[in-house]
Amino acid sequence: MSIFCNGRGFSADARGSVAIIFAASISTIFGLVALAIDLNQAVTAGTRLGQVLDAAALAGAKLLDQDSASDSEIADRVQSFMSAQPAILGIPAATYLKLPISIDRSTNTVTVAGAGKLPTRFAGVIGFKTMDISKTASVTYKMKDVELALVLDTTGSMSEVPTGDTKTKIESLRTAANIVVDTLYGQAINERGIRIAIAPFSSSVNAGSYATQTVQQSGSPVDPCAVERTGSDSATDASLASGGKLRSLTSVGEVSNACPAASIMPLSGRSAQNSIKSTIAEFAPSGSTAGHIGAAWGWYMLSPNWSGVFSGANAPGAYNSGNISKNLVLMTDGVFNTAYLTGQPAGSAQASTESYAQFENLCTAMKAKGITIYTIGFGLTDPTAQAKLSACASNTANYFPAATGTDLQTAFSTIVAKLNALRVAR
């Protein structure tokens, strides 16, 4: 038996087989390319969905700091945020939202899950009509409580009008301080979110209604004006229980030095806005410059060691708390020239040396406790005084030279912006 092979027929069969294999390969390759394109689209959509969910969770979590916000209001905020977003690859963002939204008030956390089906553009030819997209965003958000002590110079030189200005320094200070108060309280969402204390100073500090608790008294009437501490409590925030009351202005024999007209006001929330502005309105220029005493009182009102004096709604929070930002702003227009440690007269070189020595120690100690310090030299031209203020600030960017009232407003506005940046802990 013989077998005859037709070479031409065999070749045709081979070519046909190759064509079939090639066609199948092309289909597979095309399908893989189509799948790759749609997978890339799905990754892009997933990334965008994650970003949108993250922002939506953040929008809801911000409400956790509001005393009256309910869980349903937070969920509504998340939903409305999603609904307002642009479509993700043609699909409205809101359709991705998969309820319920999880709210954990113990950790200030909002968790949002999103899932959807993204229609494919090309992969349908190999059976993939849609691709599942699923993302979860969890945001922990807490607005730090801000404690701010404004230590403000009300000395006699604040009656001067800087070159190029039409207002006295004290008038410019009142305007700038009111802007700080109005701006910060306008951003407060509850009573403790932002609290401000005021410590006007000149040759001493007027303790006002707190004088009987804080200042040594030897008779009547009550002397409300305090000078610096001495001994081991010098330049510290030791409590009155351990350090004793402060000396009064008259007890050190400086009856010629005026007591500041405006008295201190401890940390107070937004409901005290008008009261603080009334205190600012009382600023009147008089007396010499004991800047270290003003700095000390700014610290006392931020110190938890003084919660026995400044209690209740005025009580300072704990040091180094992750939920509290403690800040002190000191503004002065002159060289520190008054101290009562060794009885040297105001304006003497020794009094200036003593004042700055305590000031430097106070600044170092406050920064060690986590207090952020800002300093402003208003119309201050003395290079030594400028250097002392710059060194006291928490960093060089926290010292502001201000030649005019406009510069003073700019300095305070910049500080407010920095405080806002410190408020957010996310």
Side-chain angles (χ1 to χ4, degrees), residues 144-155 158 169-170 172-185 187-188 194-202 205 237 260 262 264-268 272-273 276-277 279-280 283 289-303 316 324-334 336 359-360 362-367 369-380 385-386 388-402 405-423:
K144 288 185 178 181
D145 292 339
V146 169
E147 296 180 359
L148 172 64
L150 294 175
V151 180
L152 304 175
D153 188 330
T154 62
T155 56
M158 290 292 288
K169 292 178 182 178
I170 202 74
S172 294
L173 173 59
R174 292 192 201 106
T175 299
N178 280 329
I179 289 173
V180 172
V181 170
D182 288 339
T183 302
L184 287 177
Y185 280 147
Q187 297 168 347
I194 295 174
R195 292 189 297 159
I196 300 174
I198 303 287
F201 73 90
S202 58
V205 168
D237 67 334
I264 63 163
M265 187 167 180
L267 290 171
S268 304
Q273 182 171 353
I276 286 186
K277 293 178 72 173
T279 296
I280 293 171
F283 289 178
T289 310
H292 65 296
I293 300 176
W297 275 87
W299 186 9
Y300 300 156
M301 291 187 287
L302 293 173
S303 171
I324 300 175
S325 170
K326 289 181 177 285
N327 307 270
L328 182 144
V329 177
L330 185 143
M331 189 288 306
T332 184
D333 79 324
F336 294 178
F359 179 63
E360 290 172 5
L362 284 162
C363 294
T364 299
M366 282 190 282
K367 287 184 282 192
K369 292 292 188 180
I371 296 173
T372 301
I373 301 177
Y374 304 86
T375 55
I376 304 172
F378 185 17
L380 188 60
Q386 292 174 333
K388 297 292 187 183
L389 288 183
S390 180
C392 177
S394 292
N395 55 63
T396 55
N398 280 11
Y399 167 62
F400 301 87
T406 299
D407 294 336
L408 184 66
Q409 289 187 31
T410 299
F412 274 120
S413 295
T414 302
I415 292 170
V416 167
K418 290 190 175 192
L419 290 176
N420 284 333
L422 290 172
R423 291 176 66 199

Before giving the answer on side-chain contact (heavy atoms from CB on, under 4.5 Å), spell out for Q273 and I276 the whole-Å C-alpha distance, their side-chain angles and the decisive distance to 0.1 Å.
CA-CA 5 Å; Q273 182 171 353; I276 286 186; over 6 Å; no
Within the distance-only criterion (no hydrogens, no angle test), does the side chain of S325 pair as donor or acceptor with the backbone N or O of V146 below 3.5 angstrom?
no
Roughly how far, to the nearest 0.5 Å, is the OH atom of Y399 from the CD atom of Q386?
4.5 Å
Looking at CD1 of I371 and CG of L148, how far apart are the two atoms once the value is rounded to the nearest 0.5 Å?
11.5 Å
Closest heavy-atom pair, S172 versus G405, reported as atoms and distance to 0.1 Å, is OG-CA, 3.6 Å
Rounded distance [0.5 Å steps], CZ in F378 versus CG in L408:
5.0 Å
State whether the side chain of K326 and the backbone N or O of A149 hold a donor-acceptor pair below 3.5 Å, judged by distance alone.
no
Smallest separation among heavy atoms of P266 and S268, with atom names:
O-OG, 2.8 Å
Shortest non-hydrogen pair, F400 vs I415, comes out as CE1-CG1, 3.5 Å
Between F359 and L330, what is the shortest heavy-atom contact and its length?
CE1-CD1, 3.9 Å
Going by heavy atoms in the side chains, are S303 and P316 under 4.5 Å from each other?
no
Is there a side-chain contact (heavy atoms from CB on, under 4.5 Å) between T414 and Y374? Walk through the geometry before answering.
CA-CA 10 Å; T414 302; Y374 304 86; over 6 Å; no
Working for side-chain contact (heavy atoms from CB on, under 4.5 Å), residues F412 and V416
CA-CA 6 Å; F412 274 120; V416 167; 5.6 Å; no
Does any non-hydrogen side-chain atom of N178 lie less than 4.5 Å from one of T175?
no
Can you give me the closest heavy-atom contact between A262 and F283, atom names plus distance?
CB-CD2, 3.7 Å
Measure the spacing between OG1 of T332 and CE of M158 and express it to the nearest 0.5 Å.
8.0 Å
CE of M366 to CG of N327, rounded to nearest 0.5 Å, is 11.5 Å
Out of curiosity, D153 CG to I376 CD1, how far, rounded to the nearest 0.5 Å?
11.5 Å
Okay, side chain of T183, backbone of I179: is any donor-acceptor separation there less than 3.5 Å?
yes
For the residue pair N398 and K418, confirm or rule out a side-chain donor-acceptor distance under 3.5 Å.
yes
Nearest heavy-atom neighbours spanning M301 and M265:
SD-O, 3.5 Å
K388 and F336, any side-chain heavy atoms less than 4.5 Å apart:
no
